[in-house]
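Predicted model only: the values in this text are computed from it and were never measured.
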Amino acid sequence: MANSSTDNLLDNLVLPDFLDQVRITTLTPAAYYISDFITQEEERLILEKIESAPKPRWKQLTHRRLQTWPSDLVNNKLMDAPLPAWLSDPIVPRLKSIRLSEGAESFDMFVDSPHQRPNHVLINEYPPGVGIMPHKDGAAYHPVVCTVSLGSSLCLNIHRAKDDGTLDPKPAWRILQEPRSLLITTAALYTDFLHGIADITEDVELSEATVANWHLLRSPDEFAQGHNIRKTRTSLTYRDVMKVSKLGGKLGLFQKK
């Protein structure tokens, strides 16, 4: 671990040198969890930026709201425009700093993506009792998803599809996402499984036997009683949209940062 003392970007965080150090080994498909990916101060500043975004940036759903940066997708294409600085730095350089595996020839997790870095961020705000139905993210994105959690903890449920194509309602795994953590899902976990968040105010039956990333949690003792009372949790989902429209380069001049 730990090249933090020589890299100012890491701001005293101890990040892994390569992803294999933080692999969720209880999952068959590849997924990775870093409990402290950003600092408390960085979390505070990002939440302030989210809350102060212009009102048109918010898309209001029935029970929750979201933002998309730099824009929504149109026909699975993204307008060619940069992410605002507060979403790019320090998170994108930090993602790029972590190698896939040990070895001189190892690259970062976006080495095979079209733009070799995330170019899109979805911001979801989940009040207590509000989740999202199990789903797949679709073909618009390269199959590497990096989710930074802010504000509160909750469980992400991973579901299999049955042989007849219908959803198995019982989660195959649960991943507990703490504030300031990073969850990376890739490959088969992205393409073959569904993920969702239950519409509940409290996560229950939490233990080493039921939480896939228990051994990687920052504070497993915090959940030793087996439950987590939810507060508002905000997620930043970083992905590389594979198709980009160059028209967006001109429109980006008028984007509100």
Side-chain angles (χ1 to χ4, degrees), residues 1 13-16 19-40 42-43 46-47 64 91 94-95 98 109 122-137 144-160 167-190 193-238:
M1 309 277 281
L13 296 174
V14 180
L15 298 182
L19 285 180
D20 282 349
Q21 293 175 315
V22 290
R23 181 163 182 167
I24 304 176
T25 55
T26 53
L27 291 182
T28 304
Y32 310 89
Y33 183 80
I34 301 173
S35 61
D36 288 288
F37 186 69
I38 62 172
T39 66
Q40 288 181 303
E42 288 166 345
E43 177 186 40
I46 294 170
L47 285 171
R64 61 186 183 89
I91 290 176
R94 209 165 283 174
L95 290 171
I98 305 172
M109 69 190 84
L122 176 64
I123 301 176
N124 278 297
E125 185 182 77
Y126 295 97
V130 176
I132 185 170
M133 66 182 297
H135 64 283
K136 293 183 180 181
D137 287 346
V144 172
V145 181
C146 301
T147 303
V148 178
S149 293
L150 310 173
S152 183
S153 301
L154 56 66
C155 278
L156 180 74
N157 297 329
I158 308 296
H159 294 262
R160 291 187 177 94
L167 175 73
D168 185 343
K170 182 179 179 181
W173 300 283
R174 293 193 299 169
I175 300 172
L176 184 54
Q177 296 175 268
E178 300 165 290
R180 302 180 298 284
S181 69
L182 170 69
L183 173 65
I184 303 169
T185 55
T186 67
L189 194 59
Y190 178 90
F193 293 83
L194 297 86
H195 57 278
I197 297 169
D199 295 323
I200 55 179
T201 58
E202 184 177 6
D203 297 292
V204 297
E205 297 181 4
L206 304 179
S207 70
E208 185 174 1
T210 62
V211 173
N213 60 321
W214 187 267
H215 64 294
L216 293 170
L217 293 176
R218 175 198 313 123
S219 306
D221 290 347
E222 183 179 336
F223 310 104
Q225 300 302 313
H227 61 90
N228 167 58
I229 297 174
R230 292 187 185 177
K231 300 176 183 177
T232 297
R233 179 257 193 172
T234 302
S235 63
L236 313 177
T237 302
Y238 286 76

Spacing of [atom1] belonging to [X] relative to [atom2] belonging to [Y], to within rounding of 0.5 Å:
X: Asp203; Y: Asn228; atom1: CG; atom2: CG; value: 5.0 Å
X: Leu216; Y: Leu183; atom1: CG; atom2: CG; value: 10.5 Å
X: Leu47; Y: Thr234; atom1: CG; atom2: OG1; value: 5.5 Å
X: Thr185; Y: Tyr190; atom1: OG1; atom2: OH; value: 8.5 Å
X: Leu150; Y: Gln177; atom1: CG; atom2: CD; value: 11.0 Å

Looking at side-chain heavy atoms only, is the closest gap between [X] and [Y] below 4.5 Å?
X: Arg230; Y: Ile197; result: yes
X: Leu189; Y: Ile158; result: yes
X: Asp168; Y: His159; result: no
X: Thr232; Y: Tyr126; result: no
X: Thr186; Y: Met109; result: no
X: Arg94; Y: Leu13; result: yes

I'd like to know whether Leu217 forms a side chain to side chain contact (heavy atoms under 4.5 Å, CB included) with Phe223, so could you lay out the CA-CA distance, the side-chain angles of the two residues, the decisive distance to 0.1 Å, and finally the verdict.
CA-CA 10 Å; Leu217 293 176; Phe223 310 104; 4.2 Å; yes
Residues which pass salt bridge (Lys or Arg N to Asp or Glu O under 4.0 Å) with [X], listed by chain and number, not counting sequence neighbours:
X: Asp199; value: none
X: Arg180; value: Glu43
X: Arg218; value: Asp36

Quick one: list whatever passes side-chain contact (heavy atoms from CB on, under 4.5 Å) with Leu182, sequence neighbours left out.
Ile34, Phe37, Leu95, Cys146, Val148, Ile184
Sequence neighbours excluded, the answer for ring pair (Phe, Tyr, Trp, His ring centres under 6.0 Å) partners of His195 is His135
Can you name the residues that form a ring pair (Phe, Tyr, Trp, His ring centres under 6.0 Å) with Phe193, not counting sequence neighbours?
Trp173
Please lay out, stage by stage, how Leu236 and Ile91 fare under the test side chain to side chain contact (heavy atoms under 4.5 Å, CB included).
CA-CA 10 Å; Leu236 313 177; Ile91 290 176; 3.9 Å; yes
Check the pair Val22 / Ile98 against side chain to side chain contact (heavy atoms under 4.5 Å, CB included), numbers first and verdict last.
CA-CA 11 Å; Val22 290; Ile98 305 172; over 6 Å; no
What's the shortest heavy-atom distance between Arg23 and Ala30, and which atoms?
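Heavy-atom minimum between the residues: NH2-CA, 3.6 Å.
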Contact summary for Ala31 and Leu27, nearest pair of heavy atoms:
CB-CD1, 3.6 Å
Without swapping roles, check the side chain of Ser219 against the backbone of Glu222 for a donor-acceptor pair under 3.5 Å.
no
Looking at residues at least two apart in the chain, or sitting in another chain, which of them share a side chain to side chain donor-acceptor pair (under 3.5 Å) with His215?
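Per chain and number, His215 pairs via side chain to side chain donor-acceptor pair (under 3.5 Å) with no residue.
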Do any side-chain atoms of residues 206-214 form donor-acceptor pairs under 3.5 angstrom with protein atoms, and if so which ones, sequence neighbours left out?
| residue | atom | partner | partner atom | Å |
| --- | --- | --- | --- | --- |
| Ser207 | OG | Ala209 | N | 3.2 |
| Ser207 | OG | Thr210 | N | 3.4 |
| Ser207 | OG | Thr210 | OG1 | 3.4 |
| Thr210 | OG1 | Arg174 | NH2 | 3.3 |
| Thr210 | OG1 | Glu205 | O | 2.6 |
| Thr210 | OG1 | Ser207 | N | 3.0 |
| Thr210 | OG1 | Ser207 | O | 3.4 |
| Asn213 | OD1 | Leu176 | N | 3.0 |
| Asn213 | ND2 | Leu176 | O | 2.8 |

Test: salt bridge (Lys or Arg N to Asp or Glu O under 4.0 Å). Region: residues 124-137. Which pairs qualify, not counting sequence neighbours?
Arg65-Glu125, Asp137-Arg239
For residues 145-157, which residue pairs pass the side chain to side chain donor-acceptor pair (under 3.5 Å) check, not counting sequence neighbours?
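Residue pairs with at least one partner in residues 145-157: Ser149-Arg233.
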